[in-house]
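To start, the structure under review is shown below, and the notes come after it.
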Amino acid sequence: MNKILFFIALLCLFTNCSKDDNQNDNSSQYNYYYPTDEASITASKIGDGTGTFDPKGITISNNKLYVCNGDVLEIFDALTSAHLKTITTYTKGTTTIPFTKLSSVSIDKGRIYIGSVDSRLFVMDETTNAGINTVGNGQWWTTFVHVFGVVVKDGLVFVKEKNTTIKVFETTQITETSNWDLKPIAMLNTLNGYDQVYSLDVEAGNLVVAGRDAKSYLYYSIAAIKANAAASLTKPMEPTNTTFDAKPIAISFSKDWAITSENIGALNYLRLYPKAEFLDKKYTARVNASDIMGQNPFGTIVSTAQLNDRLFLSDNTNQKIRIIKLNQSAITEHK
């Protein structure tokens, strides 16, 4: 075996990377994917570097990385990792509301949606960061029983509450003058759950939730949500799902991949599934790694994102954003 083949085989041994077959009459081609450490973002990159970093929900928009960090929202240049801004409050005119216990963030059509465990959803302008409006008033017995996850896409806002509830709103309900106590158009049931940060994303007409407590990915057809919206307010709509041994923690979709984190016992895994297969509920990971080349084991990854060939992992255990390069190597075996 030559040195290149040996090196790639060694990488695959450590990272459990994938092998895709492309066959013709004369040869077989194998594509291997494997992660390597690229960089990390820690508290040292913010201000004077002496603060704390408690990363939870993340998202990327217009080459900017947004990170929920305790009571503030951090913004970084996603290409260089440079810290750009810390946002500490929601501000609209003379109204200022300090951020507290931020859990999740989503950006859609020029709006930033920020979830707070203190029972609020903040909506801000992506360009100016000025406040547009809030949903919920910070009292858990009103609009939200806390907020543990949010994703916005295709004109809908999905908000994961405490226990097993996801409330669904239309983006058009939230305006400069709308009331804070909006009523959902639909409700969903996550089967299990309590007070953990939840990760969810929308792809190909489905809301997909990393159902950590249900030990499965939860799929909700958006067409079915709309068709059964009224009935779901009385009996929240249940997902389709397949239970397996791992506990899904995070999910996000890129052009080609379902980028996930999963937990089994004391190990936390980065797992990448081909998107089409994942949406068809076929779970054969092409990248399956609990560390990088036998070093730097992953902690609990509560949120994921991708920009180009870089994966961004919100490793809450290790209090950092890990930036991982996704590498691809091809071997052709001639017959």
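Here the structure is a predicted model, which is why all the values come from computation and not from measurement. Side chains are part of it too, since the values below use all heavy atoms of this structure and drop only hydrogens, waters and symmetry mates. The chain is numbered in sequence order, starting from 1.
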With no hydrogens and no angle check, is any side-chain donor or acceptor of [X] less than 3.5 Å from a backbone partner on [Y]?
X      : Y      : answer
Thr175 : Thr177 : yes
Ser329 : Tyr32  : no
Tyr90  : Asn133 : yes
Asn228 : Ala224 : yes
Asn308 : Arg310 : no
Asn263 : Leu267 : yes
Thr317 : Gly299 : no
Lys92  : Glu176 : yes
Ser314 : Lys56  : yes
Ser199 : Ile251 : yes

Please say yes or no: joined through hydrophobic side-chain contacts below 4.5 Å, possibly via intermediate residues, are [X] and [Y] part of one cluster?
X      : Y      : value
Ile323 : Tyr269 : no
Leu207 : Val152 : no
Val72  : Ile321 : no
Val147 : Ile166 : no
Val159 : Val151 : no

Shortest non-hydrogen contact between [X] and [Y], atoms and distance:
X      : Y      : result
Ala246 : Arg271 : CB-NH1, 3.8 Å
Met124 : Asn129 : CE-O, 3.1 Å
Ala285 : Asn288 : CB-CB, 4.3 Å
Ser119 : Trp140 : OG-CA, 3.3 Å
Lys160 : Tyr198 : CG-CB, 3.7 Å
Gln173 : Glu170 : OE1-N, 2.8 Å

Is it true that the side chains of [X] and [Y] contain a donor and an acceptor less than 3.5 Å apart?
X      : Y      : answer
Thr42  : Ser40  : no
Asn296 : Asp291 : no
Ser106 : Thr59  : no
Asp118 : Ser116 : no

Give, for atom [atom1] of [X] and atom [atom2] of [Y], the distance between the pair rounded to the nearest 0.5 Å.
X      : Y      : atom1 : atom2 : answer
Asn268 : Asn316 : CG    : CG    : 11.0 Å
Ser303 : Ile58  : OG    : CD1   : 4.5 Å
Phe148 : Gln196 : CZ    : CD    : 8.0 Å
Thr190 : Leu188 : OG1   : CG    : 9.0 Å
Leu121 : Ile174 : CG    : CD1   : 5.5 Å

Is the [atom1] atom of [X] crowded by more than 12 outside heavy atoms at less than 6.0 Å?
X      : atom1 : result
Lys282 : NZ    : no
Lys247 : NZ    : no
Asp245 : CG    : no

Just jot down the ring-ring contact (aromatic ring centres under 6.0 Å, His included) partners of [X], sequence neighbours excluded, or say none.
X      : answer
Tyr220 : none
Phe144 : Phe169
Phe298 : none

Is there a side-chain contact between [X] and [Y] (heavy atoms, below 4.5 Å)?
X      : Y      : result
Val209 : Pro239 : no
Pro274 : Trp257 : yes
Ile222 : Asp154 : yes
Lys226 : Leu156 : yes
Asn327 : Tyr33  : no
Pro98  : Asp71  : no
Ile46  : Glu74  : yes
Leu307 : Leu79  : yes

Query - Electrostatic pair Asp181-Lys183, nearest N-O below 4.0 angstrom - result: yes
Query raised in the report: Under the side chain to side chain contact (heavy atoms under 4.5 Å, CB included) criterion, do Asn69 and Thr86 qualify, and how do the steps go?
Result: CA-CA 10 Å; Asn69 174 25; Thr86 297; over 6 Å; no
Query raised in the report: Among pairs that include at least one residue of residues 189-218, which meet salt bridge (Lys or Arg N to Asp or Glu O under 4.0 Å), considering only residues two or more places apart or in two chains?
Result: Lys153-Glu203, Glu203-Lys275
Query raised in the report: Going through the distances and angles, do Thr143 and Asn137 end up as a side chain to side chain contact (heavy atoms under 4.5 Å, CB included)?
Result: CA-CA 7 Å; Thr143 312; Asn137 69 346; 5.5 Å; no
Query raised in the report: Should Thr50 and Asp48 be marked as a side chain to side chain donor-acceptor pair (under 3.5 Å) after you check the CA-CA gap, both sets of side-chain angles, and the distance that decides it?
Result: CA-CA 6 Å; Thr50 62; Asp48 63 6; 2.6 Å; yes
Using residues 231-238 as the side-chain source, report each donor-acceptor pair under 3.5 Å to any protein atom, sequence neighbours left out, with the distance given to one decimal.
unit_1, atom_1, unit_2, atom_2, d
Ser232, OG, Met187, N, 3.1
Ser232, OG, Ala229, O, 2.7

Query raised in the report: Can the ring centroids of Tyr283 and Phe278 be said to lie less than 6.0 angstrom from one another?
Result: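 Distance test on ring centres: under 6.0 Å, yes.
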Query - Aromatic Phe76 / basic Lys45 pairing, under 6.0 angstrom, 45° off normal - result: no
Report task. Test side chain to side chain contact (heavy atoms under 4.5 Å, CB included) on Leu311 and Leu272 and set out the steps. Result -> CA-CA 10 Å; Leu311 307 176; Leu272 270 62; 4.0 Å; yes
Could you go through residues 60-67 and list every donor-acceptor pair under 3.5 Å that involves a side-chain atom there, pairing it with any protein atom two or more places apart or in another chain?
unit_1, atom_1, unit_2, atom_2, d
Ser61, OG, Glu126, OE2, 2.7
Asn62, ND2, Glu126, OE2, 2.9

Requested in this report: Show the numbers, then the answer: is there a side chain to side chain contact (heavy atoms under 4.5 Å, CB included) between Thr243 and Asn241?
Outcome: CA-CA 6 Å; Thr243 303; Asn241 67 303; 3.9 Å; yes
